[in-house]
Amino acid sequence: MRLKLVYIYSFVVTLLYLLTACTDGIEASSDSNGQGEGKEIPVSIMPKLVAGDENEVSQLRVIIFSTRTSNPYGPKVLVSNQLIDVNEDYVAITYIGYNDIYVIGNEPVDLSGINSPEELKNIQMNTESSLSASKFVFFRQLLNVNVRSKNEIYPEGASASVSKLEIKLQRVIAKLSVKFDLSTEICENGTPTGEFVNLESMELLRIPKYSYLASCKYRIEEGFLDNRVFSLENSSAEQNHFTWSSSDIYLPEYLPMDEIYRMVLRIKGTSRGITRIYTLPIGDAMNSIDSHSTEWNITRNRHYSLNIKAITGYGEESLEVKSNVSGWSEVNVPIEITGASFLAVNKKTVEVKSLRFYSYVRFACNAPVEVKLPDEVTIGNQLQMTIEYDDATKKSGRVGFRRGNWNTGNDIIYVTTLKSGTASVELNLQLYRSETIRVGNNLVTWAEAMGYWEEANWIRTGIYNDEFYKRATRETGCRAYYPEGVNENDATRGKGCWRLATIRENWAINSAEAWCIEEHDTNGRKAYVSYGSGNLIDDYKENKKYRYNCTLDVRPPELSDFIVSSSDVTNVTKENASSICANLGSGWRLPTGKEMNYVFLNAGTNGLPNNFFSDSYWGKNEDGTFIVATMSDPNGNVTTDELRNGRHTVRCVKLRYPPIG
């Protein structure tokens with residue numbers, strides 16, 4: 001099936017032709033509008049998927065909007081909206097200029113009245129009807145196609161022209177298939193526990209009520225369908241083995257506004273009379289390499305194929321808790337990969353606001369990454385950088401940037417290249433002019449100016465030290481500063497958002513003698529004191545006092561008062577729980593109920609790990625009472641004797657910083 005477009009020259013072009021008697025094959029107009037007849041340019045339309053099996057298209061509609069001029073920013077007007085015969089060639093009419101071409105197969109509603117691109121992009125589809133997939137809807141759009149003349153058609157972003165446009169249609173839904181083939185025995189840290197799960201059901205949560213014909217973010221207030229529940233019926237004849245395969249499960253495209261509302265698969269089972277619940281987010285980020293995305297989108301035309309091989313944890317009892325159920329393995333998203341090298345980032349602009357803390361961009365790739373800074377930028381005083389991989393495979397991670405102590409002038413954008421193999425992505429690093437405030441004439445020690453515990457006067461601490469910041473018994477210096485007229489709790493300009501100025505920042509305001517955030521390179525008891533526009537001395541921190549000036553930064557990250565041991569110890573009785581912590585060394589103990597509640601709320605943040613895979617943990621309150629914390633009772637307040645007589649997991653804690661004194 002072919003679609004031919006006739007590109008019509010404007011009256012001005014035709015008039016020029018008549019005046020100059022050009023003989024380049026352009027035909028003169030014979031209609032009352034003075035528009036040229038134009039030339040036919042064949043454009044292939046294939047009702048075929050980018051990936052997957054072909055499906056029948058029973059109806060095709062072509063809608064074209066054009067600027068009708070060579071101005072790419074001009075308004076686009078409707079020039080064609082017609083149903084076409086899927087078995088015959090078709091000739092449409094458009095104009096020299098920039099064209100948006102939409103092809104819809106099996107349209108979900110009557111689109112004959114569409115008159116503007118906005119109307120088309122607002123078309124919603126009821127997802128309940130599409131989940132049965134009785135009739136797929138297909139869609140493809142080509143935006144800003146630049147038509148100059150016959151055989152000079154430039155798709156958006158292309159530097160070479162084509163004589164025809166191939167438009168491959170995509171389904172507007174995705175497909176999910178799930179296969180179980182596993183032992184039902186729970187393993188912990190690779191060790192069989194002797195406990196087996198009876199898998200019972202699987203359900204999909206957060207299926208949007210609507211999807212859009214053209215890809216569009218989904219607003220959560222539009223609501224969700226009821227959960228789709230599947231009964232898991234074991235087809236294996238082997239003891240303690242489970243086999244089950246779903247049919248094709250069709251999902252609407254879902255681009256969530258907020259990651260919290262991503263679509264998830266919830267799998268339920270029981271062991272020892274206890275319900276075990278495992279949750280697995282569904283979307284592109286399951287396999288960021290193949291999907292080219294680190295976001296939890298359900299993208300149209302993709303096949304999400306899950307092969308569940310093992311159970312390596314006890315699950316969780318609350319779906320609101322973010323978790324990483326590592327036992328569900330071999331998640332695969334089979335789609336086309338355009339080349340051998342791949343690199344995807346979650347954002348292209350990074351606001352590098354802080355001297356003390358990194359601003360991060362996440363990446364997914366198939367080879368280690370490197371960062372190429374502009375030639376005039378060096379690591380050190382101008383910019384600081386770090387690369388942090390998620391694991392030893394180096395297939396994902398994050399790159400962090402923070403400003404150097406000599407960047408004080410106007411706002412700056414550094415265009416930086418992130419590379420992985422032959423793939424590359426440009427990042428815009430946005431730095432801002434330093435906002436430095438003369439605080440006053442109060443003379444203080446360096447530690448007081450920094451807002452640190454006084455011990456910092458005797459020890460080299462660096463530009464930020466969370467221990468000395470946390471252990472300070474009072475707020476002093478730039479830590480206590482906030483501008484007049486600003487609420488002290490303001491998240492961006494209140495207390496904690498200001499730091500001691502650098503050497504260069506003090507020079508920029510032509511300050512009198514004032515402490516700098518920078519310390520002496522070799523003598524931990526000294527810090528620099530700057531004055532005027534280029535003067536500098538170093539002096540001892542513990543017994544000298546100077547003025548200080550404060551610069552806007554970002555608020556320090558919150559840290560818990562305690563640290564948590566790195567891994568679970570499972571299947572522990574009450575009699576052995578305390579000794580496991582004691583064996584770790586001095587200061588380690590079972591957490592209190594208050595501490596366990598804090599961990600459940602803040603796992604993965606505030607310096608806490610995020611690898612809690614058990615459904616019940618031992619704790620011990622300050623009065624010596626043993627408690628058991630669960631997701632439904634995170635502080636252990638309703639611990640029963642039955643729970644105390646059971647076996648649970650141990651995770652130990654100790655104070656992050658020893659008590660002062």
Side-chain angles (χ1 to χ4, degrees), residues 350-359 373-385 401-416 428-452 456 461-465 476-486 490 492-521 526-539 541 544-556:
V350 185
E351 292 190 346
V352 186
K353 294 182 176 180
S354 178
L355 174 78
R356 299 178 291 178
F357 313 111
Y358 288 107
S359 298
L373 299 171
D375 293 338
E376 72 275 12
V377 179
T378 57
I379 292 293
N381 285 342
Q382 289 181 291
L383 199 68
Q384 300 285 346
M385 185 198 75
F401 301 93
R402 54 184 175 88
R403 61 184 297 168
N405 51 2
W406 291 88
N407 281 327
T408 62
N410 295 327
D411 295 352
I412 305 169
I413 293 180
Y414 291 143
V415 180
T416 301
N428 295 314
L429 306 184
Q430 174 71 65
L431 283 77
Y432 298 89
R433 180 175 183 174
S434 295
E435 181 181 346
T436 303
I437 304 295
R438 300 174 188 266
V439 174
N441 295 321
N442 291 338
L443 304 182
V444 298
T445 67
W446 182 82
E448 289 175 311
M450 293 285 286
Y452 282 166
T461 64
I463 60 173
Y464 181 72
N465 184 299
T476 62
C478 292
R479 177 179 184 170
Y481 172 76
Y482 58 96
E484 185 177 351
V486 174
D490 187 270
T492 58
R493 297 181 62 83
K495 280 201 297 188
C497 298
W498 298 79
R499 58 161 173 81
L500 190 60
T502 65
I503 296 171
R504 188 67 175 269
E505 287 163 345
N506 280 326
W507 285 349
I509 63 171
N510 202 23
S511 170
E513 288 183 345
W515 286 117
C516 304
I517 197 172
E518 292 130 311
E519 297 170 277
H520 196 277
D521 292 338
K526 287 185 175 183
Y528 286 104
V529 179
S530 66
Y531 58 97
S533 60
N535 301 304
L536 188 68
I537 59 175
D538 57 65
D539 211 341
K541 299 187 289 186
K544 292 296 181 69
K545 294 187 176 184
Y546 292 97
R547 300 176 180 86
Y548 62 93
N549 302 306
C550 299
T551 299
L552 185 63
D553 199 85
V554 297
R555 197 184 298 273

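Keep in mind that what you see is a predicted model, and the values were worked out from it rather than measured.
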Original post:
With sequence neighbours left out, which residue pairs that include part of residues 494-510 fulfil the salt bridge (Lys or Arg N to Asp or Glu O under 4.0 Å) condition?
Top reply: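 Sorted pair list: Glu475-Lys495, Glu488-Lys495, Arg499-Glu505, Arg499-Asp553.
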[X] side chain to [Y] main-chain N or O, any donor-acceptor pair under 3.5 Å?
| X | Y | answer |
| --- | --- | --- |
| Ser511 | Asn506 | no |
| Glu518 | Tyr528 | no |
| Lys541 | Ala456 | yes |
| Ser354 | Arg356 | yes |
| Arg402 | Leu355 | yes |
| Tyr464 | Pro556 | no |
| Trp446 | Glu519 | no |

What distance do [X] atom [atom1] and [Y] atom [atom2] have between them, rounded to the nearest 0.5 Å?
| X | Y | atom1 | atom2 | result |
| --- | --- | --- | --- | --- |
| Ile463 | Phe357 | CD1 | CZ | 8.0 Å |
| Cys516 | Tyr546 | SG | OH | 11.0 Å |
| Thr416 | Met385 | OG1 | CE | 9.5 Å |
| Tyr481 | Asn549 | OH | CG | 10.0 Å |
| Gln382 | Leu373 | CD | CG | 9.5 Å |
| Tyr548 | Asn441 | OH | CG | 10.5 Å |

Are any non-hydrogen side-chain atoms of [X] and [Y] less than 4.5 angstrom apart?
| X | Y | answer |
| --- | --- | --- |
| Tyr414 | Val352 | no |
| Arg547 | Leu443 | yes |
| Val377 | Leu429 | no |
| Val415 | Asn428 | yes |

Go through the side-chain N and O atoms of Glu351 and Tyr432 and say whether any donor and acceptor fall under 3.5 Å apart.
->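 Yes.
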*asked:* Less than 3.5 Å apart, any donor N or O on the side chain of Thr502 or Asn405 sitting next to an acceptor on the other?
replied: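 Checked: Thr502/Asn405 side chains show no N/O donor-acceptor pair below 3.5 Å.
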- Task: Please report the C-alpha distance between Thr436 and Thr408 in whole Å, then the side-chain angles of each, then the deciding distance to 0.1 Å, and finally whether the side chain to side chain contact (heavy atoms under 4.5 Å, CB included) criterion is met.
- Result: CA-CA 9 Å; Thr436 303; Thr408 62; over 6 Å; no
Could you go through Thr492 and Asp490, starting from their C-alpha distance and side-chain angles, then the distance that decides it, and tell me whether this counts as side-chain hydrogen bond (donor to acceptor under 3.5 Å, both in side chains)?
CA-CA 6 Å; Thr492 58; Asp490 187 270; 3.0 Å; yes
Item to complete: Could you walk me through whether Lys544 and Thr445 pass side chain to side chain contact (heavy atoms under 4.5 Å, CB included), step by step?
Response: CA-CA 6 Å; Lys544 292 296 181 69; Thr445 67; over 6 Å; no
Name all residues meeting the salt bridge (Lys or Arg N to Asp or Glu O under 4.0 Å) criterion together with Asp375; count only those two or more places apart in sequence or in a different chain, and write none if there are none.
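Expected list: Lys372.
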List the steps, then state whether side chain to side chain contact (heavy atoms under 4.5 Å, CB included) holds for Ile413 with Gln430. CA-CA 5 Å; Ile413 293 180; Gln430 174 71 65; 3.2 Å; yes
Q) Taking 4.0 angstrom as the limit, do Glu435 and Arg493 come out as a salt bridge? A)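 Here Glu435 pairs with Arg493 in a salt bridge, since their nearest N and O are under 4.0 Å apart.
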Practice problem: Check side chain to side chain contact (heavy atoms under 4.5 Å, CB included) between Asn535 and all other residues, then give those that pass, not counting sequence neighbours. | Solution: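 Side chain to side chain contact (heavy atoms under 4.5 Å, CB included) check on Asn535 returns Tyr531.
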